**Student:** 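Below you'll find the structure I mean.
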Amino acid sequence: MTLHVVVMGVSGSGKSTVAEGIAQRLGWTFAEADQFHPQSNIDKMTAGIPLDDEDRAPWLRGLATWMARQAAKGEDTVIACSALKRSYRTMLQRDVAALDGPHRVVFVHAHGPFGVIADRMEGRRGHFMPESLLQSQFDTLEPLGADEGGFELDVRHPPDELVTEAVRRICS
Ligand SMILES: Nc1ncnc2c1ncn2[C@@H]1O[C@H](COP(=O)(O)OP(=O)(O)OP(=O)(O)O)[C@@H](O)[C@H]1O
Ligand SMILES: O=C(O)[C@H](O)[C@@H](O)[C@H](O)[C@H](O)CO
């Protein structure tokens, strides 16, 4: 049995912070989905242009392949990945679901009010994602369905509290 946690949410919501915290707390392998973007996607976002389904498809396939490879090795994983749409989350799960043996993907939605997240984006330095794209992230976001296997965290709480709550729910 392996478990694969996908910490999802809009840009600036705190995905990487929570995902790295979970991975450290549980000793699981961590991956940052931004590392899987082709340079063309990074360039597009840096230029203030939102990605579309066509841009994201190869990126999501690469992440799904990575998760399935870790699962095949018996490794539990945590990734920080926006996974904004239900169709993206389905793509992420597909390869793991096709493996023999019980493997599970759990989505943790790092979510909060637009203003809170905008302030956090404004407060960070050296990140490629412009704050101007935050509205398009919210416009694209499809919250987790009750049938999707996961839960939401309110990112107005401090990171340590979010990680503790996430670990409690993942491991319960
Ligand atoms: N719970 C929190 N409370 C206060 N600040 C936070 C919290 N979580 C993250 N931050 C801060 O908010 C900013 C964004 O966090 P982080 O980079 O983890 O978000 P992200 O969703 O991974 O962003 P992106 O997808 O754009 O890479 C960082 O400066 C981080 O230190
Ligand atoms: O799906 C997307 O539009 C992208 O993955 C964005 O979410 C950013 O890459 C990520 O949030 C880092 O800012």
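Each ligand, and each atom within it, is numbered from 1 in the order the structure gives. This is a predicted model, so every value here is computed, not measured. Atom set for the values below is all heavy atoms of this structure, side chains included, hydrogens, waters and symmetry mates excluded. One is the number of the first residue; the rest follow in order along the sequence.
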**Student:** Around atom 31 (O) of ligand 1, find the nearest protein heavy atom and jot down its residue, atom name and distance.
**Tutor:** Thr17 OG1, 4.4 Å
**Student:** Nearest protein heavy-atom contact for atom 25 (O) of ligand 1: which residue, which atom, what distance?
**Tutor:** Lys15 NZ, 2.6 Å
**Student:** Distance to 0.1 Å, residue and atom name: give those for the protein heavy atom nearest to atom 27 (O) of ligand 1.
**Tutor:** His127 NE2, 3.0 Å
**Student:** Is a salt bridge present between Lys44 and Asp52, judged by a nitrogen-to-oxygen distance below 4.0 Å?
**Tutor:** yes
**Student:** List the closest protein heavy-atom neighbour of atom 23 (O) of ligand 1: residue, atom name, distance to the nearest 0.1 Å.
**Tutor:** Gly12 N, 3.0 Å
**Student:** Nearest 0.5 angstrom please: His37 NE2 to Glu32 CD, how far?
**Tutor:** 8.5 Å
**Student:** Side chain or backbone, does Gly14 bring an N or O within less than 3.5 Å of an N or O on ligand 1?
**Tutor:** yes
**Student:** What are the atoms of ligand 1, with element, lying closer than 4.0 Å to any heavy atom of Leu162?
**Tutor:** 1 (N)
**Student:** Kindly print each ligand 2 N/O atom paired with any protein N/O atom under 3.5 angstrom away, one pair per line, or none if nothing qualifies.
**Tutor:**
residue: ligand 2; atom: 1 (O); partner: Arg56; partner atom: NE; Å: 2.8
residue: ligand 2; atom: 1 (O); partner: Ser82; partner atom: OG; Å: 2.8
residue: ligand 2; atom: 3 (O); partner: Arg56; partner atom: NE; Å: 3.4
residue: ligand 2; atom: 3 (O); partner: Arg56; partner atom: NH2; Å: 2.8
residue: ligand 2; atom: 3 (O); partner: Gln137; partner atom: NE2; Å: 2.9
residue: ligand 2; atom: 5 (O); partner: His37; partner atom: NE2; Å: 3.1
residue: ligand 2; atom: 5 (O); partner: Ser82; partner atom: OG; Å: 3.1
residue: ligand 2; atom: 7 (O); partner: Ser82; partner atom: OG; Å: 3.4
residue: ligand 2; atom: 7 (O); partner: Gln137; partner atom: OE1; Å: 3.0
residue: ligand 2; atom: 9 (O); partner: Asp34; partner atom: OD1; Å: 3.0
residue: ligand 2; atom: 9 (O); partner: His37; partner atom: NE2; Å: 3.3
residue: ligand 2; atom: 13 (O); partner: Ser11; partner atom: OG; Å: 3.1

**Student:** Atom 5 (N) of ligand 1: which of Arg125, Arg120, Arg124, His157 has the nearest heavy atom?
**Tutor:** Arg120
**Student:** Below 4.0 Å from ligand 1: does a non-hydrogen atom of Gly9 turn up there or not?
**Tutor:** no
**Student:** I'd like to know if the side chain of Glu142 and the backbone of Arg86 have a donor-acceptor N/O pair within less than 3.5 Å.
**Tutor:** yes
**Student:** Return yes if a side-chain donor-acceptor contact under 3.5 Å exists between Thr164 and Arg25, otherwise no.
**Tutor:** yes
**Student:** Just to be sure I read this right, does ligand 1 sit under 4.0 Å from the backbone of Val155, its side chain, both, or neither, counting only heavy atoms?
**Tutor:** backbone
**Student:** Nearest heavy-atom pair of Tyr88 and Asp53: which atoms, and what distance?
**Tutor:** OH-OD1, 2.5 Å
**Student:** Does any part of the side chain of Phe107, heavy atoms only, come nearer than 4.5 Å to the side chain of Val7, both counted from C-beta?
**Tutor:** no
**Student:** Measuring from the heavy atoms of Val10, does anything fall under 4.0 Å of ligand 1?
**Tutor:** yes
